[in-house]
Amino acid sequence: MNAPEPDRSLNFVEQIVQADQETNRWDGRVHTRFPPEPNGYLHIGHAKSICLNFGIAEKFNGSCNLRFDDTNPTKEEVEFVESIKDDIRWLGFDWQDREYFASDYFEQLYQWACQLIGEGLAFVCELTPDEMRSHRGTLTEPGIASPYRDRPAEENQELFARMRAGEFPDGSRTLRAKIDMANPNLNLRDPVMYRILHTEHHRTGNQWCIYPTYDFTHGQSDSIENITHSICTLEFENHRPLYDWYCQSLKIYHPQQIEFARLNLTYTVLSKRRLLELVAQNHVSGWDDPRMPTLSGLRRRGFTAGSIRQFCDTIGIAKATSTIDVGVLENSVREDLNKTASRVMAVQKPLKLVLIDYPEDQVEMLQAVNNPEDPEAGSRDVPLSRELYIERDDFHENPPGKFFRLKPGGEVRLRYAYIIRCEKVIKDDDGNIVELHCSHDADSRSGMPGAGRRVKGTLHWVSANHCLRAEVRLYDRLFLKEDPSDVAEGENYLDNLNPESLQTLTDCRVEPSLAEAQPGDRFQFERLGYYSVDRDSQPELLVLNRTVSLRDSWAKLQKTQQQGKKKANSG
RNA sequence: UGGCCCCUAGUGUAAUGGCAGCACGACUGACUCUGGAUCAGUUAGUCUAGGUUCGAAUCCUAGGGGGCCAGCCA
């Protein structure tokens with residue numbers, strides 16, 4: 001049966017594009033762009049925009065440009081343009097030769113500014129920033145006109161040329177559009193088009209000392225690039241009238257701006273200002289710290305590009321402000337890695353276990369399935385011997401109810417190996433459990449006739465003499481609160497940082513098949529989670545990042561049991 | 001307080017005047033040599049009040065709630 005794939009309903013932006021296609025509004029063209037400012041690293045919120053813009057181009061047989069919105073030389077750096085390109089490529093999108101910079105358009109923008117001056121639609125203003133603020137009025141009161149508003153065009157032309165020539169210090173003058181000081185939309189109260197900044201630009205060097213503002217740049221850049229649909233986030237909605245005003249006043253090709261709601265994630269901050277602050281103040285190790293919501297951080301954490309694209313697909317596009325549970329992101333990487341990651345046995349917190357009735361020098365090679373979800377992935381051999389390590393959490397002397405793991409006198413299966421029974425618990429002088437002595441049922445090895453016997457629990461393990469040492473880095477949410485900005489008076493989001501967001505385990509053991517593992521390789525540690533080899537990894541000491549734990553219904557059960565106890569106690 | 005935008009199960013998102021659906025979560029159960037995965041099932045929603053209409057989540061009005069805007073940031 002080849003049932004037709006039911007068309008996933010279009011989001012509202014795609015609906016607009018489709019309607020335009022049906023009416024032939026742009027001669028059948030669809031041309032979008034992704035316009036990052038190179039002042040920081042891309043994060044998961046940008047991925048939403050990238051998937052939308054490149055996705056629409058793909059879906060409607062159009063193109064998507066990459067354009068760096070580099071109009072503010074005080075904040076922008078080449079390092080960021082390189083990282084941005086890396087991240088977009090990693091996500092799997094291709095802008096081919098359509099790589100543009102707003103700074104490529106500086107001369108054209110300057111000419112357009114002169115044109116508006118000539119038509120009496122722009123003027124050079126000498127108000128200080130403070131004065132300009134007080135002239136602007138408030139949300140409820142109109143502003144008052146700048147005293148320089150009615151200068152003759154010739155004088156404006158000359159002053160603007162002298163601004164460009166570098167005759168005036170920073171902040172002393174601006175070029176402003178002459179629109180409407182009483183407009184209820186503050187963006188139309190004679191907005192600044194150019195400011196003086198004697199700062200070197202990452203591309204144009206010292207060629208310019210005046211720089212156009214975002215508003216005077218963005219629409220025209222879209223226009224130059226023949227963009228059809230200029231998709232941006234909601235906070236630019238109030239700027240659309242200005243976008244339209246510049247295109248109309250300049251009488252140039254006029255794309256349509258469409259706004260959608262930006263991504264918010266629980267337990268996460270997604271503003272570049274804050275991410276920069278986390279990096280600059282060393283709350284994290286860098287932009288690619290695996291706890292960061294940056295694409296480079298997620299990548300280092302072990303997220304796949306596919307899982308991020310899948311995530312962007314499931315969250316949808318709309319205009320309503322919303323917050324996605326960070327668990328949705330975690331689920332999308334679980335879903336992807338479940339199908340693709342090789343299973344492997346690793347012990348995070350080792351507890352020695354001796355099979356007292358297993359021959360001293362015997363080693364058996366046991367066949368282990370690499371990926372039960374993918375028969376093509378094949379199998380590998382795992383060595384078993386008398387001395388093993390199991391997970392400390394998998395043994396309990398006085399276990400709570402429904403504990404299916406090992407306990408004194410209890411039986412469990414060692415995965416791919418034998419059913420064992422705990423005969424003796426060895427403790428040190430302080431009463432800490434240091435070793436377990438177990439017997440094994442020699443007929444119960446996986447694959448043997450006696451293997452059919454059922455026991456409730458199955459444990460992962462490694463052979464003490466064959467395993468490799470590893471460091472495992474466990475990551476937890478960077479913030480303690482769903483909404484990191486939910487703080488008491490006088491505090492800020494940094495007060496909500498989770499002091500335990502990184503836990504480093506230095507005494508872990510992994511099965512020998514990981515000897516050749518390379519940075520970036522991903523594995524599932526059976527019963528634990530998904531892990532990715534970190535770039536800090538050395539041949540003698542593997543370093544692994546936990547991407548995300550496996551779903552853990554035991555942990556969940558315990559949680560509800562504890563809550564039940566609490567209730568009983570308080571009641 | 002002015003302008004603009006938004007409001008559909010717990011979360012997110014469809015339905016564009018005609019049966020309120022999907023995904024995720026949560027809960028049940030089945031299966032399981034990963035307490036994973038998988039499968040089956042259950043759960044739960046149109047912010048409120050009016051109006052238009054044979055018929056309203058959808059259109060109109062008022063109210064409520066939320067977001068954005070007073071950078072020479074983007």
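Just so we're clear, the structure is a prediction, and the values are computed from it rather than from any experiment. Per chain, numbering begins at 1; letters A, B, ... match sequence-line order.
B:rG36: glycosidic angle beyond 90° from 0, hence anti.
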Decide yes or no on side-chain contact (heavy atoms from CB on, under 4.5 Å) for A:Phe523 and A:Val510, but give the supporting numbers first.
CA-CA 11 Å; A:Phe523 301 93; A:Val510 302; over 6 Å; no
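The side chain of A:Tyr214 lies closest to B:rA74 when the candidates are B:rA74, B:rG36, B:rG25.
A salt bridge does not link A:Glu391 with A:Arg527: none of the charged nitrogens is closer than 4.0 Å to a carboxylate oxygen.
For the pair A:Arg551 and B:rU34, the criterion of a side-chain N or O lying under 4.0 Å from OP1 or OP2 is not met. Contact check, A:Arg173 against B:rC72: no side-chain N or O comes under 4.0 Å of OP1 or OP2. At least one side-chain nitrogen or oxygen of A:Arg136 sits closer than 4.0 Å to the OP1 or OP2 atom of B:rC72. Taking 4.0 angstrom as the limit, A:Arg527 places a side-chain polar atom (N or O) nearer than this to OP1 or OP2 of B:rG35. The phosphate of B:rC68 has neither OP1 nor OP2 within less than 4.0 Å of any side-chain N or O from A:Arg262.
Using atom P as the reference point in both B:rU43 and B:rC31, the two lie 23 Å apart (nearest Å). Taking the P atoms as reference points, B:rA20 lies 27 Å from B:rG25, given to the whole Å. With P as the reference atom, B:rG35 and B:rC68 are 45 Å apart, rounded to whole Å. Of the C1' atoms belonging to B:rG71 and B:rA15, the separation is 42 Å, rounded to the nearest Å. Atom name C1', nucleotides B:rG21 and B:rA9: the rounded distance is 12 Å, in whole Å. Nucleotides B:rG18 and B:rA74 place their C1' atoms 45 Å apart, quoted to the nearest Å.
Nucleotide B:rC59: paired with B:rG51 (Watson-Crick or G-U wobble, both distances less than 3.5 Å).
Ring-base stacking between A:Phe404 and B:rG35 is satisfied, the centre separation being under 5.5 Å and the plane angle under 30°.
Scanning atom types as modelled, one donor and one acceptor separated by under 3.5 angstrom connect the side chain of A:His239 and the base of B:rA74. Not a single donor-acceptor pair, N or O on each side, falls under 3.5 Å between the base of B:rC69 and the side chain of A:Asn187.
A straight line from OH of A:Tyr416 to C1' of B:rG36 spans 12 Å, rounded to a whole angstrom. Separating the CG atom of A:Asn238 from the P atom of B:rA70 is a distance of 9 Å, rounded to the nearest angstrom. One interatomic measurement links the two molecules: CZ of A:Arg133 to C1' of B:rG71, which rounds to 8 Å at whole-angstrom precision. Put simply, CD on A:Glu141 is 16 Å from P on B:rA70, counting in whole angstrom units. Atom CZ of A:Arg334 and atom C1' of B:rC24 are 12 Å apart (whole Å). Rounding to whole angstrom units, CE of residue A:Met163 and P of B:rC72 are separated by 13 Å.
Neither side chain, A:Ser332 nor A:Gln310, offers a donor N or O lying under 3.5 Å from an acceptor on the other. No side-chain N or O of A:His460 forms a donor-acceptor pair with one of A:Arg343 less than 3.5 Å apart.
Note on ring orientation: taking the six-membered ring where Trp is involved, the planes of A:Trp208 and A:Tyr110 are tilted (angle from 30° to 60°).
A:Lys178 places a side-chain N or O within donor-acceptor distance of the main-chain N or O of A:Arg149, the cut-off being under 3.5 Å.
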